[in-house]
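In the text below, chain A, chain B and the rest are named by the order of the sequence lines, each starting its count at 1.
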Protein chains: 2
Amino acid sequence: MPKVGMEPVRRKALVDAALRVIGDHGSLAVTMSDIARQAGVSPALAHHYFGSKEQLLIETIRSLLRQLRRDAVVALKQARTPRERLSAIVRVSFHADQFAPETIAAWLAFYAEAQRSEETRRFLVIYARRLRSNLLADLKALLPADAAERIAEGAAAMIDGLYIRQSLKSAPIGIEASIALTEDYLNALLASTSPSPLKEKGKPLRTIQGQMT
Amino acid sequence: MPKVGMEPVRRKALVDAALRVIGDHGSLAVTMSDIARQAGVSPALAHHYFGSKEQLLIETIRSLLRQLRRDAVVALKQARTPRERLSAIVRVSFHADQFAPETIAAWLAFYAEAQRSEETRRFLVIYARRLRSNLLADLKALLPADAAERIAEGAAAMIDGLYIRQSLKSAPIGIEASIALTEDYLNALLASTSPSPLKEKGKPLRTIQGQMT
DNA sequence: TAATTTTGATTGACTGATCAATCAATAAAA
DNA sequence: TTTTATTGATTGATCAGTCAATCAAAATTA
């Protein structure tokens, strides 16, 4: 069997398998055997390539974050104005892949794990910061800094909250409705807050591409 | 040692111990021994009274919900108008007990568990429904039904989201700020939505006490 | 080209640790 | 004496992680 160069193939297969198994099972309490079986290899091979279960799990969450970033970069490519970029960020957060029940279950499992694993927490903090700071960057083009910060915090919380509520699967809200609710929030608070006098309508100060990376 | 009537005492001690251990450990993957030790009894006794670990965990989440309900009843006692009741609901959600890191960690662990345990999910669904329907009841006194429903959904999501974000402990938001953000949301959306023509300012149609039970 | 050695890929079988759950035994009230 | 409370000891199952052995491609040598 040993065709050389299997390593990257197997690593990817195992990470994908881990994600699927965790999503299905709804917990990180899955066995290496489960994951290896799903990937079509022996448990020993999983240990061979990742050293430990923890390491495989870490790689799995990294892969989840990488995917999210990729989606974000694509979505932000098309956005031109700060307001459009805000909508793009919202839309990405509720992207169909991310909204699949298994993916939500996996995220949730990692959130719980973050209470114990310092490294898992680090990754989730990166995600949380990225979401907040991307929102913030565009809000600052529309509002004074202090208002922008409050609204960024609120929008991030609403996105995460809609996501979590989805995990219970009772009265599922749906992608479009989730986007609409978040947009409503942004519209209402943008309207009720006095706009930034300097930056409004002028050439936006920030239009750097690829901020969300 | 056997003084009769220990059962309720031990049950409570074990449930409290479970909550503390789960909160500290940040996961349901705690052993019966850990819990029993914390409660000052042998692991065998925990099994004697609860039959299984799962059952003890179920009782633990029930106790968490009971506490939340108690707080809510107290907070709603003082509220007079629908708008006051809305604020009371928000305040209760961020009540200090609920906001303690160990409590947040425990909630999170149960959310994750709900992906597997039908019974755990049932309890969390009850919580989610209760939050939504309490918000809804008072919003309907201020707004047309469809707008009320959207805003109830949004507010519930924001509350849960602020809660979850807290669990990462990076840039903690704090109780007061969390309340303020949710109030901002309510104020902004109440202002930007045309009020219910019939009910506004008149004697509210719904002022039944103890709705949040 | 043919024979060989080396190296990467892969696994089955095993180990040690951990835990939920059980149970028989004990001790003290009623 | 019967009932209730309590535990130490044990069991059976589950898993992460290890290891020596195998297999076949690739590299090297003849």
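- Between the CZ atom of A:Phe50 and the P atom of D:dT18 there is a distance of 16 Å, rounded to whole Å.
- Note: CE (B:Met32) to P (D:dT6) measures 15 Å, nearest angstrom.
- Using a 4.5 Å cut-off on side-chain heavy atoms (C-beta onward), A:Arg37 and A:Val21 make no contact.
- Atoms CE (A:Met6) and C1' (D:dA26) sit 14 Å apart, rounded to a whole Å.
- Remark: the B:Gln67 side chain and the B:Asp71 side chain contain an N/O donor-acceptor pair separated by less than 3.5 Å.
- Counting to the nearest Å, the P atom of C:dC19 and the CG atom of B:Leu28 are 14 Å from each other.
- A distance-only check finds a donor-acceptor pair linking the side chain of A:Thr60 to the backbone of A:Leu56 [under 3.5 Å].
- A straight line from CG of A:Leu57 to P of D:dG17 spans 10 Å, rounded to a whole angstrom.
- Below 30°, between 30° and 60°, or above 60°: for A:Trp107 and A:Tyr163 the angle between ring planes is above 60°, a perpendicular geometry.
- Per the geometry, NE2 belonging to B:His48 stands 15 Å off P belonging to D:dG8, to the nearest Å.
- A straight line from CG of A:Leu56 to C1' of D:dC15 spans 15 Å, rounded to a whole angstrom.
- At a threshold of 4.0 angstrom between heavy atoms, the contacts of B:Val30 are confined to the sugar-phosphate backbone, with no base atom among them.
- The side chain of B:Thr31 has C:dA20 as its nearest neighbour among D:dA16, D:dT6, C:dA20.
- Comparing C:dT10, C:dA21, D:dT18 by their closest approach to the side chain of A:His47 singles out D:dT18.
- Considering only side-chain atoms of B:Glu7, the nucleotide from C:dT11, D:dA16, D:dA5 that sits closest is D:dA5.
- Of the listed nucleotides (C:dT10, D:dA16, C:dC23), C:dC23 has the atom at the smallest distance from the side chain of B:Ala44.
- When the P atom of D:dT14 is taken as reference, atom CG of A:Asp34 falls 12 Å away, rounded to whole Å.
- Within 4.0 Å of B:Tyr49, counting heavy atoms only, lie sugar-phosphate atoms of the nucleic acid but no base atom.
- Contact check, A:Arg10 against C:dT10: a side-chain N or O comes under 4.0 Å of OP1 or OP2.
- Between C:dT11, D:dT6, D:dA16, one nucleotide has an atom nearer to the side chain of B:Leu45 than all others, and that is D:dT6.
- Neither side chain, A:Thr81 nor A:Arg85, offers a donor N or O lying under 3.5 Å from an acceptor on the other.
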